[in-house]
Amino acid sequence: MCARNFTPKFSRNFTRSCRVPARSICQPYLIRMSRYLVQKSGPLDGEVHISGAKNSALKLMAACLLAEGTHTLRNVPDIADVTLMSGVLEAIGLSITRKQEDHTTTLVIERGPDVQPEAPYELVEKMRASTAVLGPLLATVGEARVAMPGGDDFGARPIDMHLAGLEALGASFELSHGDIFGTTDGLVGAEIALDYPSVGATENLLMAAVLASGSTTIINAAREPEIADLASFLNRMGATVVGAGTSRIDIVGVPELRAVEHTVVPDRLEVGTFLAALGIAGGELTLHNTRPDHLEMLVDRLGAMGLRISPEGDSLWAMSRSRPRATDVATLPYPGLATDFLPLLVAVLCFADGTSYATENVFAGRFGYVGEFARMGAGIRVEDHHLVIDGVESLSGAPVRAPDIRAGAALVVAGLGAEGITEVRDGYHIDRGYERLEEKLRAIGAPVERVDD
Ligand code: EPU
């Protein structure tokens with residue numbers, strides 16, 4: 001569909017009465033409660049197949065809105081957030097079929113001519129990444145109603161840069177009854193300088209600009225590997241995107257895109273999770289389906305803690321034989337150390353032979369897990385946006401709560417070095433981002449069980 005000649009599907013008086021009833025959409029996507037039970041582990045040994053990246057798959061799914069036809073996404077992780085994003089797209093009118101192929105999941109996503117440009121609150125509140133439909137809906141239908149995401153465990157998490165960038169491309173927004181209602185008479189390319197290299201804002205603008213008329217330049221763009229993956233999907237669809245993966249992205253709008261096949265980039269955060277488990281339990285692992293070139297800062301910091309890590313093609317071999325060394329770590333936008341790695345590295349540093357400092361520079365409020373580690377006997381305290389961690393030889397298993405996806409996984413791996421049983425409650429956070437975490441850990445010798453509540 002051409003962004004320059006679109007016909008809006010709804011009038012500007014789009015009201016709540018024409019919304020899809022939330023209950024009927026959301027019933028199949030209810031979050032299932034779960035817990036993870038973890039015991040102290042001996043050294044880990046074996047091989048792990050790393051899944052596709054959650055943070056790429058969710059945006060690629062949203063990008064399927066941009067072209068009518070049948071899209072195929074391979075190496076999609078089988079996780080709750082993919083089910084939630086499927087719910088968002090199905091509410092909009094797409095049809096999604098899931099197939100298992102060679103131990104990985106493939107999604108076949110059909111985008112027909114008719115869509116209802118609305119992401120309901122009941123789904124958006126469960127997954128902020130639903131806001132990724134804003135750019136594609138404005139580009140193809142000229143309208144989007146998306147529930148305004150609230151704050152979460154990381155703090156306020158505004159989407160002001162997404163909205164300002166889309167306004168620069170010619171969209172207008174109204175906030176009403178908790179929904180953002182965006183409209184445009186046709187997006188027009190522009191130069192947009194982001195105040196901060198936001199991942200979500202860069203992705204939304206990229207997906208909007210590919211169908212805008214004229215050229216768009218995003219300056220101070222996020223450089224995460226998931227952005228480059230999205231751009232390569234868009235280019236395969238017929239878009240003209242140059243520079244994704246660097247801080248300047250140039251896009252020349254095209255009249256229409258076509259449905260294609262794509263394989264999701266491997267999940268670097270899952271790699272970090274297994275390496276953190278290795279740092280705590282010791283042993284030797286080979287991780288398959290990785291992109292070592294996306295893991296340089298992580299490998300550097302884990303190396304400083306004493307792990308030996310070597311790339312072997314698209315695999316990563318790693319060994320740990322001694323107590324971790326105390327090391328300082330600080331998060332930054334890519335290519336810096338990802339904020340998502342921090343709780344996992346903190347889990348390792350809780351066992352280190354000295355005092356470490358961990359600094360969070362990306363999300364103001366991302367220390368919700370500190371009290372949970374303290375319950376397990378960790379010597380950890382918050383000082384402004386830093387953590388001071390006095391390493392101990394062993395933690396003490398306790399009931400704890402997962403405050404978010406990565407901190408939940410960090411508590412599981414911390415349990416591998418704790419005496420007794422660690423029970424990580426609110427396991428649904430972990431289920432949102434990890435495919436069969438407990439099975440993959442058990443296969444390499446870690447005593448971890450997941451219980452449905
Ligand atoms: N920010 C604003 N205004 C905006 C957008 C962002 O102030 O309009 C701020 C945020 O509040 C934050 C910083 O900018 O302080 C970075 O936010 P960013 O937009 O880069 O993050 P995001 O797109 O919301 C994605 C990942 C997160 C990951 C961050 C940073 C997805 C679905 N989420 O979030 O992943 O931590 O980038 O790399 O892609 C996870 O996987 O568990 C996870 C939280």
Side-chain angles (χ1 to χ4, degrees), residues 51-63 77 79-82 84-85 88 124 126-135 146 148-168 173 180 192-207 218 220-230 247 264-265 267-273 294 297-298 331-344 360-369 385 402-410 428-435 437:
S51 300
K54 165 180 85 78
N55 290 347
S56 193
L58 298 176
K59 319 307 168 57
L60 296 168
M61 290 173 74
I79 54 175
D81 268 11
V82 164
L84 284 170
M85 185 56 103
V88 171
V124 176
K126 294 191 178 78
M127 191 187 61
R128 301 176 56 84
S130 323
T131 50
V133 301
L134 257 181
V146 175
M148 177 79 173
D152 68 3
D153 288 313
F154 300 177
R157 294 189 77 177
I159 57 164
D160 54 318
M161 281 188 271
H162 302 229
L163 302 183
L166 292 168
E167 273 174 354
F173 293 97
I180 306 159
I192 301 162
L194 295 176
D195 290 344
Y196 178 92
S198 153
V199 172
T202 303
E203 290 165 337
N204 242 328
L205 295 176
L206 191 50
M207 289 189 278
I218 307 174
N220 198 24
R223 289 181 278 171
E224 272 68 3
E226 294 74 25
I227 308 262
D229 198 31
L230 174 61
S247 51
V264 179
V265 71
D267 194 334
R268 60 202 167 100
L269 306 174
E270 193 186 9
V271 170
T273 307
H294 295 164
M297 277 306 294
L298 176 75
T331 66
L332 277 178
Y334 191 84
L337 184 73
T339 167
D340 295 319
F341 287 137
L342 200 69
L344 296 158
E360 173 56 55
N361 290 313
V362 176
F363 287 107
R366 201 170 185 176
F367 284 153
Y369 55 89
H385 66 303
D404 63 68
I405 300 173
R406 308 299 162 194
Y428 64 87
H429 285 295
I430 301 170
D431 302 340
R432 284 185 52 196
Y434 288 90
E435 178 172 326
L437 180 63

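When a ligand or atom number is given, it counts from 1 through the structure's own listing order.
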J.: Hey, which atoms in ligand 1 end up nearer than 4.0 Å to a heavy atom of V362?
T.: 12 (C), 13 (C), 15 (O), 16 (C)
J.: For atom 32 (C) of ligand 1, what's the nearest protein heavy atom and its distance?
T.: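 Answer, as residue, atom name and distance: N55 OD1, 3.4 Å.
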J.: Hey, does G200 come in under 3.5 Å of ligand 1, counting only N/O atoms on both sides?
T.: yes
J.: As an exercise, identify every atom of ligand 1 less than 4.0 angstrom from a heavy atom of A129.
T.: 32 (C)
J.: Of all the non-hydrogen atoms in the protein, which one sits nearest to atom 44 (C) of ligand 1, and at what distance?
T.: F154 CE1, 3.4 Å
J.: At less than 4.0 angstrom from any non-hydrogen atom of Y196, what atoms of ligand 1 do you find?
T.: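 Atoms satisfying the 4.0 Å criterion: 13 (C), 14 (O), 16 (C).
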J.: I would like to know whether L269 and N55 meet side-chain contact (heavy atoms from CB on, under 4.5 Å); could you show each step before the answer?
T.: CA-CA 9 Å; L269 306 174; N55 290 347; 4.0 Å; yes
J.: Checking contacts now, so for atom 9 (C) of ligand 1, which I'm interested in, is there any protein heavy atom under 4.0 Å?
T.: no
J.: Which bit of D404 is near ligand 1, meaning a heavy atom under 4.0 Å away: side chain, backbone, both or neither?
T.: neither
J.: Which residue supplies the protein heavy atom nearest to atom 12 (C) of ligand 1, what is that atom called, and how far is it?
T.: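 Result for atom 12 (C) of ligand 1: F363 CE2, 3.3 Å.
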J.: May I ask you to decide if V362's main-chain N or O and T339's side chain share a donor-acceptor pair within less than 3.5 Å?
T.: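 Side chain of T339 to backbone of V362, a donor-acceptor pair under 3.5 Å: no, none is there.
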J.: Kindly give the heavy-atom pair with the smallest separation between M85 and A129, and that separation in Å.
T.: CE-O, 3.5 Å
J.: Does only the side chain of T339 get under 4.0 Å from ligand 1, or the backbone, or both, or neither? Count heavy atoms.
T.: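 Answer for T339: side chain.
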J.: Non-hydrogen atoms of K59 versus ligand 1: any pair closer than 4.0 Å?
T.: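 In this structure, K59 qualifies as a contact of ligand 1 - some heavy atom is under 4.0 Å.
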J.: Which protein non-hydrogen atom lies closest to atom 42 (O) of ligand 1, naming both residue and atom, and how far is it?
T.: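 Closest protein heavy atom to atom 42 (O) of ligand 1: R406 NE, 3.2 Å.
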J.: Measure from the side-chain N and O atoms of E270 to the backbone N and O of S51, and report whether any donor-acceptor pair falls under 3.5 Å.
T.: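 The answer is yes, because a donor-acceptor pair under 3.5 Å joins these two groups.
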J.: The criterion is salt bridge (charged side-chain N to carboxylate O under 4.0 Å, His left out); which residues satisfy it with R268, sequence neighbours excluded?
T.: E226
J.: Any salt bridge linking R366 with D340? Criterion: basic side-chain nitrogen under 4.0 Å from a carboxylate oxygen.
T.: yes
J.: Does S130 have any side-chain contact (heavy atoms from CB on, under 4.5 Å) partners at least two apart in sequence or in another chain, and if so, which?
T.: V88, V124, M127
J.: Taking the side chain as C-beta and beyond, is there a heavy-atom pair between I79 and R432 under 4.5 Å?
T.: no
J.: Any heavy atom of M85 closer to ligand 1 than 4.0 angstrom?
T.: no
J.: If you take all heavy atoms of L163 and F173, which pair is closest and at what distance?
T.: O-CE1, 3.6 Å
J.: Output the list of atoms in ligand 1 that are nearer than 4.0 Å to some heavy atom of D340, sorted by atom number.
T.: 27 (C), 28 (C), 35 (O), 36 (O), 40 (C), 41 (O), 42 (O), 43 (C), 44 (C)
J.: Looking only at protein heavy atoms, which one is nearest to atom 3 (N) of ligand 1, and how far off is it?
T.: D160 OD1, 2.7 Å
J.: For atom 18 (P) of ligand 1, which candidate among V199, T131, T202 holds the nearest heavy atom?
T.: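 It is V199 that holds the nearest heavy atom.
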J.: Quick check against the 3.5 Å criterion: does D81 have a side-chain atom that pairs as donor or acceptor with the backbone of G433?
T.: no
J.: Which is closest to atom 2 (C) of ligand 1 by heavy-atom distance: K54, M127, R366, M161?
T.: M161
J.: Give the atoms of ligand 1, by number and element, whose distance to some non-hydrogen atom of I159 is under 4.0 Å.
T.: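 Checking each atom against I159, I get 4 (C), 8 (O).
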J.: Out of A53, S198, P158, P343, whose heavy atom sits nearest atom 4 (C) of ligand 1?
T.: P158
J.: Taking all heavy atoms of V265 and all of D229, pick out the closest pair and write down the distance.
T.: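 For V265 versus D229, the nearest heavy atoms are N-OD2, 3.1 Å.
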J.: Between the main-chain N or O of L166 and the side-chain N or O of N204, is there a donor-acceptor pair closer than 3.5 Å?
T.: no
J.: List the closest protein heavy-atom neighbour of atom 34 (O) of ligand 1: residue, atom name, distance to the nearest 0.1 Å.
T.: R157 NH2, 3.4 Å
